[in-house]
Protein chains: 2
Amino acid sequence: MTNTDQPTDQAGLRPTKQRLAVASALAETEGFQSAQEIHDLLGRRGDSVGLATVYRTLQRLAEAGDVDMMRTEDGEAIYRRCSDSHHHHLVCRTCGRTVEVEGPAVERWTSAMAAEHGYADVSHTLEIFGTCRDCQ
Amino acid sequence: MTNTDQPTDQAGLRPTKQRLAVASALAETEGFQSAQEIHDLLGRRGDSVGLATVYRTLQRLAEAGDVDMMRTEDGEAIYRRCSDSHHHHLVCRTCGRTVEVEGPAVERWTSAMAAEHGYADVSHTLEIFGTCRDCQ
DNA sequence: CCATGTTTGACAACGATTCTCATTGCGAGT
DNA sequence: ACTCGCAATGAGAATCGTTGTCAAACATGG
């Protein structure tokens, strides 16, 4: 348990060909992609990487905070390169339209609440559901 | 579209024994439960209902807006009856210990945020994860 | 160049959810 | 009350994303 020396890109992992391939797939895409999509993309491109390896790598990167992971409506995990600020989703119950919102107040409140009860290493999820203008 | 005769509980569906059982399981529980938990609960209680039926019923209720559905961190779908009391959960990642917390500030913030984007009929879910004092 | 602990990949195992389809039962019409 | 049609059910198979297994391929420090 000696590390946290390797800072950015490769959360202290060996820079293997496969990991670099996954990283580059993430780097060259804007939005969220599923593990399988990344696996397919790499295969198509020639840098074939085992599916299990893609999953493992994405997990590591997510743990290390190098990528954001969220879930589609049907439970599939999707990833995108991080660095983006933490935000929440405002989702329309009817058409699914989503707006990303941020709120320092909420971040502060959750931390305070956790601290008050002695919880450390806090994270949270917040989803807001409503009916958007067009669906009312 | 003639209805609202069958008011609340049963979104216009036939009030079968099974659907009533699922509805009651939701009614008597505060928080979120997975389909399987509901299935188990009903089984234990004697009102055995097929697992597929539990899934189907929950889907219908969710579509009808009678229950809220969200996803756990590992992608499992969990449900709770709609318009639940306004409290949130502070969950220990390690031992699972849960504290219920309330926050008018958050309620206000989510409403404001929704209003700002033109969303009506707002609800939200907030879960805080951390490591509790005993598990640190 | 060698030893050693990592990482990989093919495939099996898993768990949640959905599908299939024969059977059941609600409820409208007579 | 009796019957008929169609929605609803349940048991198990089928899907699908994801994780586990384990021997073989590797990277890195000595």
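None of these values were measured; they are calculated from a predicted model. In the text below, chain A, chain B and the rest are named by the order of the sequence lines, each starting its count at 1.
Arg45(B) CZ: more than 12 foreign heavy atoms inside a 6.0 Å radius.
In this pair, His88(B) and Trp109(A) present their aromatic rings perpendicular. The plane angle is above 60°, beyond the 30 to 60° band.
Rounded to a whole Å, the CG atom of Leu42(A) is 12 Å from the P atom of dT8(C). Look at CG on Asp74(B): it is 16 Å from C1' on dC16(D), rounded to the nearest Å. A straight line from CD of Glu63(A) to P of dT19(D) spans 10 Å, rounded to a whole angstrom. Counting to the nearest Å, the P atom of dT28(D) and the CZ atom of Arg19(A) are 11 Å from each other. If you measure from atom CG of Leu20(A) to atom C1' of dC26(D), you get 14 Å, rounded to the nearest angstrom. For Gln33(A) and dT18(D), the CD to P distance is 13 Å, given to the nearest whole Å.
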Strictly under 4.0 angstrom, non-hydrogen atoms only: write out the protein contact profile of nucleotides 13-28 of chain C, one letter per nucleotide from the 5' end, B, S or -. ---SBBBB----BBS-
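Distance check, rounded to the nearest 0.5 Å: OG1 of Thr29(B) to CD of Glu37(B) gives 9.5 Å. Note that CD of Glu63(B) is 11.0 Å distant from CG of Leu58(B), once rounded to the nearest 0.5 Å.
For Thr72(B), the side chain to side chain donor-acceptor pair (under 3.5 Å) test picks out Asp74(B), with sequence neighbours left out.
From one end of the helix from dC1(C)-dG30(D) to dT30(C)-dA1(D) to the other, with five pairs defining each end axis, the axis direction shifts by 30° (rounded to 10°).
Listed here is the closest heavy atom pair of Phe129(B) and Glu73(B): CE1-OE1, 3.1 Å. Residues Ala27(A) and Arg81(A) share a closest heavy-atom pair of O-NH1, 3.6 Å.
Counting only N and O atoms by type, the side chains of Gln36(B) and Tyr55(B) include a donor and acceptor under 3.5 Å apart.
Distances shown here put every side-chain N or O of Thr53(B) at or beyond 4.0 Å from the OP1 or OP2 atom of dA8(D). Checking the phosphate oxygens (OP1, OP2) of dG9(C), a side-chain nitrogen or oxygen of Gln18(A) falls inside 4.0 Å.
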Run the numbers on Leu26(B) and Leu61(B) for side chain to side chain contact (heavy atoms under 4.5 Å, CB included), then give the verdict. CA-CA 11 Å; Leu26(B) 285 164; Leu61(B) 291 174; 3.9 Å; yes
